[in-house]
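In what follows, chains are A, B, ... by sequence order, proteins preceding strands, each numbered from 1.
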Amino acid sequence: MLLSKVFIPTLREDPKMAECISHKLMLKAGLVSMISSGIYTYLPLGLIILRKIENIIRRRMNEEGAVELLMSALQPLEIWQQTGRDETLKEVMLKVKDRRKRELCLGPTHEEEITEIAKRFILSYKQMPLILYQIQTKFRDEARPRFGLIRSCEFIMKDAYSFDSDEEGLNISYEKMLRAYDNIFRDMSFDFVRIEADPGAMGGNFSHEFMVPAEIGEDVLCFCPKCGKYYRSSGECRDCGIKLIEKRMIEIGHIFKLGTKYSSAQSAYFLDSKGKRRPVIMGCYGIGVSRIMPAIIEQSHDSKGIVWPPCVSAFDASLLVLERENDFLYKEAFSLYEKLTGAGFDILFDERAEPAGVKFNDAYLIGSPYIIIIGKKYKGHNKFELEVRKTGEKHLFAAEQLINFLKESHNGS
RNA sequence: CGGGGGGUAGCGCAGUUUGGCUAGCGCACAUGGUUUGGGACCAUGGGGUCGUGGGUUCAAAUCCCACCUCCCCGACCA
């Protein structure tokens, strides 16, 4: 992509409203823009990254046999009354009335709605096991939105729901999701923790949380500095007997065995092999998709900007021509751009007539894993300079070498 | 929801204590020129309901009242 043709409005100064690093960098790098407290627009660059994150999730969910659907964000309040959660979630639920005075809410989550789908279509044990998932916008009237996309009133979640005819089936589905989540967060290069959790208001009897350590985390876990194990309470390490240290964590995923809480309340019944009517056994599995971007940034940045792990970076590399009005250099740069694009790489080509400092700073801010530089020095040796964003390490390459280098790093990641 | 701090050009800010020339600065933006390996320079220019409403006054960004909104700490958080 040509930088002058894409809409990436980077900011020079730190935005005043941003308090934490990821929030600041997301605004500065032109990933998102705040519309109101807790409400954000994804700008084009942010959307590219969001899609990459979503697709990592899709790949792993599909791999475990989960099937994607898309439920409505607008939901009749009626289905919430059946489970009583119109009361338990009263505070966070955004409600509206339509012109016929029908009471609706903007879904804060989708257990009730998916259970309606199950009730309607899952009639026999032969239709299970089944795992359905969606990537959807949720709405919550948060008491205090904060940290940018970490806690917002409108956010994107991947929510999956498993349907089984017996406990054993539920255990298998749950294991599948545990595996998928481990893979997803590993794919995203997270330093993450998986820990048993309290099901809370979600209901059910068993639950795991996936968390990443970060200063701005809203949860606290205790960890053993020797073996690295995490605990919920601050005793001492069961293995090492060492005093634990508190660590702030961001919750990025949470999965639950629900059992029949929702299916019973909403009469989602099926007939088993003996023709007996029984409630479907459910599990639900959430990932805070819009929270992942800031969580990655919290874990991967430096004083100059974002350092994207290659798997979620919008671009494989940024390409800078420093002397824009030098026809020779521009032609060399453009031909390299075409070669790299032809080889299947996503390249952000900064061909603007801006001073070198502006281009370097934007490139560091945007955070592509590699920066390829064509300027004065190129005229000396006719080699392309490649800077590794993460380490600052520099290489000189001819075009073919450069392509091979990028291919290798691509396969490695 | 409790406590604290903010709102002046697209962004970042000064000015408000002590009311008074035409409301300023940096960046960005536009035009022309010089530049081009680290947010460059010169010249010219455009852009403002000073958060909103009401009040006090000869005179309000500045004082008074109400409201809106943003941020921080806490409570809450499937």
Side-chain angles (χ1 to χ4, degrees), chain A residues 9-20 23-24 27-28 30 33-39 80 83-93 105 107-114 138-148 150-153 155 157 159 161 197-204 207 209 216-220 250-251 253-256 258 261-262 284-288 291 304-305 320-330 333 350-365 371-381 384-385 387 392 394:
Chain A
T10 57
L11 306 177
R12 282 200 180 204
E13 307 200 42
D14 284 353
K16 186 174 51 169
M17 87 270 280
E19 64 282 14
C20 70
H23 191 198
K24 210 176 275 183
L27 293 165
K28 272 187 95 169
S33 182
M34 187 178 96
I35 295 304
S36 185
S37 179
I39 304 177
W80 291 84
T83 59
R85 287 214 300 177
D86 60 321
E87 284 300 320
T88 42
L89 293 181
K90 199 177 188 173
E91 300 276 295
V92 294
M93 201 183 270
C105 70
T109 176
H110 280 78
E111 282 75 24
E112 278 77 1
E113 187 166 337
I114 197 74
K138 313 286 189 201
F139 299 86
R140 291 185 197 178
D141 187 4
E142 286 292 344
R144 186 183 158 207
R146 61 180 131 181
F147 303 135
I150 294 286
R151 182 162 294 276
S152 52
C153 302
F155 62 97
M157 186 187 262
D159 43 323
Y161 304 90
D198 175 9
M202 206 59 213
S207 160
E209 268 179 299
I216 56 161
E218 297 176 294
D219 298 284
V220 177
I250 300 173
E251 180 189 340
H254 202 157
I255 66 178
F256 307 81
L258 296 174
K261 173 179 168 167
Y262 296 89
C284 75
Y285 314 89
I287 292 180
R291 198 176 258 196
K304 294 171 178 171
L320 318 184
V321 211
L322 298 186
E323 297 178 42
R324 174 62 179 81
E325 283 170 22
N326 181 319
D327 283 344
F328 168 70
L329 286 185
Y330 182 72
D350 188 348
E351 24 67 279
R352 296 173 301 173
E354 291 286 344
V358 172
K359 296 191 173 197
F360 277 109
N361 285 317
D362 273 347
Y364 291 137
L365 186 59
I371 301 171
I372 302 160
I373 303 144
I374 303 176
K376 202 173 273 172
K377 290 178 195 168
Y378 179 81
K379 288 182 279 194
H381 42 52
F384 301 104
E385 181 177 336
E387 181 174 333
K394 293 184 181 177

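When the P atom of B:U36 is taken as reference, atom NZ of A:Lys377 falls 16 Å away, rounded to whole Å. If you take NZ of A:Lys24 and C1' of B:G12, they are 13 Å apart, rounded to a whole angstrom. One atom, CG of A:Asp350, and another, C1' of B:G38, lie 13 Å apart when rounded to the nearest Å. Going from atom CG of A:Leu11 over to atom P of B:C11 covers 9 Å, rounded to whole Å. Atom-to-atom, NZ of A:Lys28 to C1' of B:G12 comes out at 11 Å; the value is rounded to the nearest Å. The CD-P distance, from A:Glu325 to B:U36, rounds to 10 Å in whole Å. The distance between atom CZ of A:Arg352 and atom C1' of B:A28, rounded to the nearest whole Å, is 13 Å.
Taking atom P on both nucleotides, B:C13 is separated from B:U8 by 9 Å, rounded to a whole Å. For the C1' atom pair drawn from B:C50 and B:U16, the interatomic distance equals 11 Å after rounding to whole Å. Across B:G74 and B:C11, the matching C1' atoms stand 31 Å from one another, rounded to whole Å. Taking the P atoms as reference points, B:C71 lies 24 Å from B:G15, given to the whole Å. Here the separation of B:U36 from B:G45, taken at their C1' atoms, is 25 Å to the nearest Å. Rounded to whole Å, the separation between the C1' atoms of B:A23 and B:G39 comes to 29 Å. Comparing B:G6 with B:A61, their C1' atoms are spaced 15 Å from each other, to the whole Å. Distance check on atom P: B:A9 versus B:A14 gives 12 Å, rounded to whole Å.
Nearest-nucleotide positions on RNA chain B for A:Asp14 and A:Lys138 put A:Asp14 closer to the 5' end. Comparing A:Met157 and A:Leu322 by the nucleotide of RNA chain B that holds the closest heavy atom to each, the one mapping nearer the 5' end is A:Leu322.
In terms of the salt bridge (charged side-chain N to carboxylate O under 4.0 Å, His left out) criterion, residue partners of A:Glu387 (sequence neighbours excluded) are, by chain and number, A:Lys394. Take A:Asp362 and apply the side chain to side chain donor-acceptor pair (under 3.5 Å) test, not counting sequence neighbours, and it matches A:Thr10, A:Arg352. Not counting sequence neighbours, A:Glu19 has no partner by the salt bridge (charged side-chain N to carboxylate O under 4.0 Å, His left out) test. Residues satisfying the salt bridge (charged side-chain N to carboxylate O under 4.0 Å, His left out) criterion with A:Lys16, sequence neighbours excluded, are absent altogether. For A:Pro15, the side-chain contact (heavy atoms from CB on, under 4.5 Å) partners at least two apart in sequence or on another chain are A:Leu11, A:Met17, A:Ala18, A:Lys24, A:Leu27, A:Lys28.
Using a 4.0 Å heavy-atom cutoff across all strands shown, A:Tyr285 reaches no nucleic acid atom at all. Contact annotation for A:Ile373: base contact, defined as any heavy-atom pair under 4.0 Å involving a base atom. Residue A:Glu385 is classed as a base contact, given a heavy-atom separation below 4.0 Å to a base.
No N or O donor and acceptor, one from the side chain of A:Tyr364 and one from the base of B:G39, sit under 3.5 Å apart. A:Glu13 contributes a side-chain N or O that forms a donor-acceptor pair with the base of B:G26 under 3.5 Å. Not a single donor-acceptor contact under 3.5 angstrom links the side-chain atoms of A:Glu354 to the base of B:G39.
A salt bridge links A:Glu218 with A:Arg151: at least one charged nitrogen is closer than 4.0 Å to a carboxylate oxygen.
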Review item, nucleotides 68-77 of chain B N/O atoms under 3.5 Å of protein N/O:
residue : atom : partner  : partner atom : Å
B:C70   : OP1  : A:Ser36  : OG           : 3.0
B:C70   : OP1  : A:Ser37  : N            : 2.9
B:C71   : OP2  : A:Ser37  : OG           : 2.7
B:C71   : O3'  : A:Glu19  : OE1          : 3.4
B:C72   : OP1  : A:Glu19  : OE1          : 2.9
B:C72   : OP1  : A:Glu19  : OE2          : 2.1
B:C73   : OP2  : A:Arg144 : NH2          : 2.4
B:G74   : N7   : A:Arg144 : NH1          : 3.3
B:C76   : N4   : A:Arg146 : NH2          : 2.6
B:C77   : O2   : A:Arg151 : NE           : 3.1
B:C77   : O2   : A:Arg151 : NH1          : 2.8
B:C77   : O2   : A:Arg151 : NH2          : 2.3

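For B:G39, neither phosphate oxygen OP1 nor OP2 lies less than 4.0 angstrom from any side-chain nitrogen or oxygen of A:Arg12.
Heavy-atom contacts from other residues, nucleotides or ligands closer than 6.0 Å to NZ of A:Lys379 number more than 12.
By the 6.0 Å and 45° rule, A:Arg324 stacks over the aromatic ring of A:Tyr330.
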